[in-house]
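Heads up, the thing below is written out as structure tokens.
All values below come from the heavy atoms of this structure, side chains included, with hydrogens, waters and symmetry mates left out. Order of listing sets the numbers, starting from 1, for every ligand and every atom in it.
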Amino acid sequence: MQTISRLDDLREAVSALKSGGKTLALVPTMGALHPGHMALVREARARADRVAVSIFVNPRQFSPAEDLATYPRPIEADRALLEAEGADLLWLPTAQEMYPAGYATTVSVAGLDAVLCGAARPGHFDGVATVVAKLFNQVRPDLALFGEKDWQQLTILRRMARDLDLTHPHADMILGVPTIREPDGLAMSSRNQYLSPEERTQAAALNRAMRAAAARIAACEPVAAVLADLKTEVLTAGFHAVDYGDLRDAETLEDMAVVDGRSARLLVAAHIGKARLIDNVAVDLWTIS
Ligand code: PAF
């Protein structure tokens, strides 16, 4: 696996990887890789001839109050994991390479970024959309893979890719990969490292409560009452705040008061110890995942 940190070198390496009509998949990450990321790399290998992974802890998606300075950066361990998984290229730009002096452009996906995590983290999704647009232009992938755990991010990036003609509406270049979970249901996340052993045990209540709520909604119980019970259950389990616990249209992220045939998603963000955890599950009358 080649590790590249300069844009000039990247362009050459990408041309070589794509030569002879080979397809290239990109897995964008911020590092601190866990089995969820590895599932993305494996899926990428199954779907494309070549696989590039980017690791860049993107300052533009952190607010001043967030954990940019302390975000885990175990680069040697990450590199070993990617090597073992058979990635072809690691794109490891510096902040200076990504945002050189004078950098002035922001990509903003209006509307979809105003709700859920966007309401609690203003500017976060501008940072995500901007860096992902740049990564797409830098790596020029045929396909890019993202975890469904960050459902709002996935929705926003799909919209961005369509709006900027980066993707064909009938052959989406963005692929969402189902969330990888610990045996007790906790969604894998680099931020789970912030949990103490006790908080880690308590955190499993989040997905348990969400699955129960999704089943009740699918059984046509009133959505508002179910969501109120869900929040109470999560707080009782040891979380100290719930930013949101909403039922939303899976594509438009519109609030849904009832399940009505549209594809629906139950999404929660809640705080425990130093971690803000997010999770989401599908809700419809036929399937719960
Ligand atoms: O999901 C992430 O790890 C990041 O938001 C991403 C997509 C790599 C952009 O920095």
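- Ring geometry for Y103 against Y99 counts as perpendicular: the plane angle is over 60°, on a 0 to 90° scale with 30° as the lower cut.
- With salt bridges taken as basic N to acidic carboxylate O contacts below 4.0 Å, one links E251 and R162.
- Here is the list of ligand 1 atoms found below 4.0 Å of a heavy atom in Q61: 4 (C), 5 (O), 9 (C), 10 (O).
- One finds a salt bridge joining R42 and E85 here, because a Lys/Arg side-chain nitrogen approaches an Asp/Glu carboxylate oxygen to under 4.0 Å.
- In this structure, D184 pairs ionically with R200, as a charged nitrogen and a carboxylate oxygen lie closer than 4.0 Å.
- By heavy-atom distance, the residue among K149, Q153, K134 lying nearest atom 6 (C) of ligand 1 is Q153.
- Residue contacts with ligand 1: N58 is placed with no nitrogen or oxygen under 3.5 Å of a nitrogen or oxygen of the ligand (distance criterion only).
- For ligand 1, the atoms sitting less than 4.0 Å from at least one non-hydrogen atom of V131 are 9 (C), 10 (O), numbered in the order shown with element in parentheses.
- Among N280, D246, D249, T155, the single residue meeting the side chain to side chain donor-acceptor pair (under 3.5 Å) criterion with R265 is N280.
- Contacts between T29 and ligand 1 below 4.0 angstrom, taking non-hydrogen atoms only, involve the backbone exclusively.
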